[in-house]
Student: 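First the structure, which I've put down as structure tokens, then a few questions once you've had a look.
So that the names make sense, note that chain A is the first sequence line, chain B the second, and so on, each numbered from 1.
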Amino acid sequence: MFEARITQGSVLKKLVEALKELVTEGNFDVSSTGLTLQAMDSSHVCLVSLTLRDDGFDHYRCDRNMAMGIHFGNLSKILKCAGNEDTITLKAEDNADTLTLMFESANQDRISDFDLKLMSIESEHLGIPDQDYSAEIKMPSAEYQRIVRDLTSIGDTVLISATKEGIKFSTSGDVGTANITLRHNTTPEKPEEQTIIDLKEPVALTFALRYLNNFSKATPLAPQVKLSLTKDLPIFVEYQVGDLGNVRFFLAPKIDD
Amino acid sequence: AVGQKSMTSFFAKK
């Protein structure tokens with residue numbers, strides 16, 4: 001038996017909206033410690049890793065480990081039927097072929113349940129090592145979203161360079177070129193409005209803007225985003241989802257063959 | 001030419 005209840009159901013709605021274009025399907029791996037998902041996009045150049053801890057839910061029970069194969073477009077259709085203020089409960093029997101989603105309105109006067117058909121998905125798990133990065137940048141998630149959206153209208157790829165001057169995002173295309181530089185800025189009173197650059201050594205890497213833009217669909221989940229960069233390694237883009245967990249994106253850099 | 005490696009070339013399969 002698996003059961004997970006979250007009062008703030010809108011978080012689940014936002015999570016699925018953030019992921020569904022990048023990964024069409026994947027396994028929700030549930031265990032006594034929580035719910036995780038690891039999935040690659042169809043071209044395998046980016047990886048999404050979602051962790052929702054058991055103690056982040058209002059109620060959580062999982063008697064045996066299960067991999068529930070989810071089609072995210074279909075899950076999104078069902079979650080669109082939940083109100084933003086609804087409490088959402090996920091339920092499945094052991095070895096079930098459906099996942100039940102129950103939505104309760106805030107004043108308990110409307111209760112609905114939907115069964116999502118589960119899929120059998122073969123997936124391989126990749127080990128992502130904890131490592132020190134050359135540059136780590138924490139910035140407002142809305143700022144990151146604006147930068148990648150603006151640059152996507154100019155070019156296809158972005159060169160991200162981190163130096164002691166700051167972090168520079170550069171692109172070029174048919175209309176011309178664009179450079180946006182962010183400096184370390186801890187003056188805003190609210191921590192979520194600060195930009196914090198932790199530079200161990202200068203680094204510059206090029207990425208496809210289409211994916212970086214796609215990652216910013218997670219903006220509604222967190223006020224800050226963290227970008228981590230090391231030469232020749234994937235960029236690591238992380239959103240903390242309150243006390244519930246995190247969603248992490250990895251994207252391979254563009255390289256000269 | 002500019003290319004992109006697969007995620008599996010950066011992270012080992014478990």
Student: Let me know if B:S9 has heavy atoms under 4.5 Å from chain A in its side chain, its backbone, both or neither.
Tutor: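 It is neither, since no heavy atom gets under 4.5 Å.
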Student: With a 4.5 Å cut-off on heavy-atom pairs, point out which of A:P253, A:P129, A:C46, A:G127 contacts chain B the most.
Tutor: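 Option with the top pair count is A:G127.
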Student: Could I get the full list of side chain to side chain contact (heavy atoms under 4.5 Å, CB included) partners for A:D97, not counting sequence neighbours?
Tutor: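 So A:D97 forms no side chain to side chain contact (heavy atoms under 4.5 Å, CB included) with any residue.
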Student: I'd like to know if the side chain of A:S76 pairs up with that of A:E17 as donor and acceptor (distance under 3.5 Å, no hydrogens or angles considered).
Tutor: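 Yes - a donor-acceptor pair under 3.5 Å links their side chains.
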Student: Which bit of A:D41 comes within less than 4.5 Å of chain B, counting heavy atoms only: side chain, backbone, both or neither?
Tutor: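 A:D41 has no heavy atom closer than 4.5 Å to chain B.
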Student: Looking at residues at least two apart in the chain, or sitting in another chain, which of them share a ring pair (Phe, Tyr, Trp, His ring centres under 6.0 Å) with B:F10?
Tutor: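 Testing B:F10 for ring pair (Phe, Tyr, Trp, His ring centres under 6.0 Å), a comparison that skips the adjacent residues, returns none.
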Student: Hey, could you give me the CG/CD distance between A:D150 and A:Q145, rounded to the nearest 0.5 Å?
Tutor: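 A:D150 CG to A:Q145 CD: 10.0 Å, rounded to 0.5 Å.
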Student: Donor-acceptor pair, A:D29 side chain versus A:A67 backbone, under 3.5 Å?
Tutor: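 Side chain of A:D29 to backbone of A:A67, a donor-acceptor pair under 3.5 Å: no, none is there.
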Student: So how far is it from A:L12 CG to A:L90 CG, rounded to the nearest 0.5 Å?
Tutor: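 The distance works out to 5.5 Å.
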Student: In the structure I gave you, are the side-chain heavy atoms of A:R248 and A:V48 within less than 4.5 Å of one another anywhere?
Tutor: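 Heavy-atom side-chain distance check fails, nothing below 4.5 Å.
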Student: Counting a contact as any heavy-atom pair under 4.5 Å apart, which residues of residues 204-220 of chain A contact chain B?
Tutor: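 Expected list: A:A208.
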Student: Can we say A:E124 and B:K13 salt-bridge, meaning some charged N sits less than 4.0 Å from an Asp/Glu carboxylate O?
Tutor: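 Salt bridge flag = yes for B:K13 with A:E124.
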Student: Taking the inter-plane angle between the rings of A:F236 and A:Y133 on a 0 to 90° scale, is it parallel (under 30°), tilted (30 to 60°) or perpendicular (over 60°)?
Tutor: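 Because their plane-to-plane angle lies in the 30° to 60° range, the rings of A:F236 and A:Y133 count as tilted.
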Student: Do any N or O atoms from the side chain of A:Q38 and from the backbone of A:L126 form a donor-acceptor pair under 3.5 angstrom?
Tutor: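 Yes; at least one donor-acceptor contact below 3.5 Å.
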Student: Please round to the nearest 0.5 Å and tell me the distance separating atom CD1 of A:I70 and atom CG of A:L19.
Tutor: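 Rounded to the nearest 0.5 Å, the CD1-CG separation comes to 11.5 Å.
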Student: Just checking heavy atoms, which of residues 166-174 of chain A are less than 4.5 Å from chain B?
Tutor: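 Expected list: none.
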